[in-house]
Structure formats: structure tokens, C-alpha cells
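The structure appears below as C-alpha cells.
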Amino acid sequence: MEDKKCLECEEVLKGRVDKKFCSDYCRNAYNNRVNKDSKNLIRNINNRLRKNYKILSELNITGKTKVTRTKLYDQGFDFNFFTSIYKTKTGNTYFYIYDEGYLPLENELFLLIKKER
């Protein structure tokens, strides 16, 4: 019968038959290595969302504000990242980053709003 080895360090395993790692350190190191690409993608998206949220909340102090596209771009806002879309019966499309949202208006203007909880 062949001895099972740790998936990370290849040390011979002792104990339960279904054991895969010799220690918590090896289990964490293995999973971090395997999931590295997907974790980086998620981290980058979350960082982008966090930055967009911060920009909207700093510009929209009153709960309803109009700003230009240039002002949003200058702050580093990325229009490709949002958490939800809300379409009204009148055909308006609001883009939200959690509870902070914006509505594209005419002439490169945006209406910033905060969703009531």
C-alpha cells in the first residue's frame, strides 16, 4: 500500500485516510496558490467598485446632485463597474454601486442619487 503525501509539501501523511494536508499551513498555502488567479480578479473588481463608491459618495453629499462626466473621470470613476441596474417605467436607467447611483442625463451630465434604505 502506497503512503499518501501532502498535496503541498509531499510529506507522508499520518492519520485519517482522507487527509490531504499535513498541516493548516500547507492547506492554506496550497489553496492560496490554486486560487491565486481568481482571487486577484475578485480583488481587482472589488477595489474598482470601492473606488467608484467612494467617488459617488464624496460628490453626492446631499443625496441628489448633478455632476459632469469630466468631473467623474477626473476623480478616476470607471463606468464599466457597477453592482446593479434599475430601469424605471419611464425608461430611465439608473446604475448603482451598492446604494450610490447615477443616471446619465443630456449634455454629459449625471444625476447622482443615494438609494433610501
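Between Y94 and Y86, the two ring planes are tilted [angle within 30° to 60°].
Inter-residue side-chain proximity for E100 and L112 is flagged as unmet; no heavy-atom pair is nearer than 4.5 Å. K51 has its side chain within reach of I55: a pair of non-hydrogen atoms, C-beta onward, lies under 4.5 Å apart. The shortest distance between side-chain heavy atoms of V12 and K4 does not fall below 4.5 Å. Counting heavy atoms from C-beta outward, T70 and E108 have side chains that stay 4.5 Å or more apart. With a 4.5 Å cut-off on side-chain heavy atoms, L72 and Y102 do not count as touching. L59 is not listed as a side-chain neighbour of T65, based on a closest heavy-atom distance of 4.5 Å or more. Proximity of N52 to D78: side-chain heavy atoms (C-beta onward) are separated by under 4.5 Å at one or more points. Contact check for L7 versus K20: side-chain heavy atoms found under the 4.5 Å cut-off.
Contact detail for C6 and C26: the closest heavy-atom pair is SG-CB, 3.7 Å. When every heavy atom of F81 is checked against every heavy atom of R48, the shortest pair comes out as CD1-CG, 3.1 Å. Scanning all heavy atoms of the two residues, the minimum distance from N60 to K64 falls at OD1-N, 3.0 Å.
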>> Using the rule given for salt bridge (Lys or Arg N to Asp or Glu O under 4.0 Å), can you reason through K71 versus D74, listing the C-alpha separation, both sets of side-chain angles and the distance that settles it, and then say yes or no?
In response: CA-CA 5 Å; K71 186 160 192 159; D74 288 348; over 6 Å; no
>> The test is side-chain contact (heavy atoms from CB on, under 4.5 Å); show your working for E8 and R33 and say whether it passes.
In response: CA-CA 10 Å; E8 179 65 18; R33 184 171 40 81; 2.7 Å; yes
>> Assess the residue pair K5 and E10 against the criterion (salt bridge (Lys or Arg N to Asp or Glu O under 4.0 Å)); give the C-alpha distance rounded to whole Å, side-chain angles, the decisive distance to 0.1 Å, and a yes or no.
In response: CA-CA 5 Å; K5 295 185 177 185; E10 299 188 0; 5.5 Å; no
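Atom-to-atom distance recorded for R69:CZ and N107:CG is 12.0 Å, nearest 0.5 angstrom. Atom CZ of F82 and atom OH of Y96 lie 13.0 Å apart (nearest 0.5 Å). One distance of note links CG of L109 with CG of L103; it measures 10.5 Å at 0.5 Å rounding. The CZ atom of R50 sits 13.0 Å away from the CD1 atom of I97 when rounded to the nearest 0.5 Å.
Tracing side-chain contacts under 4.5 Å through hydrophobic residues (I, L, V, M, F, W, Y), one never reaches I85 starting from I113; they form parts of separate clusters. Both L56 and Y53 sit in one connected hydrophobic cluster of ILVMFWY residues. Membership requires side-chain heavy atoms under 4.5 Å apart, directly or through other members.
In this structure a side-chain-to-backbone donor-acceptor pair under 3.5 Å is present from N44 to N40. With hydrogens and angles disregarded, a donor-acceptor distance shorter than 3.5 Å links the side chain of T83 to the backbone of Y98. Although no hydrogens or angles enter the test, the distance criterion places no donor-acceptor pair under 3.5 Å between the side chain of T93 and the main chain of K87.
Neither side chain, R43 nor N46, offers a donor N or O lying under 3.5 Å from an acceptor on the other. Inspection of the T88 and T90 side chains reveals an N or O donor paired with an N or O acceptor under 3.5 Å.
Each of F95, F77, Y73, F79 was evaluated against F110; a single residue qualifies, F79, per the ring pair (Phe, Tyr, Trp, His ring centres under 6.0 Å) test.
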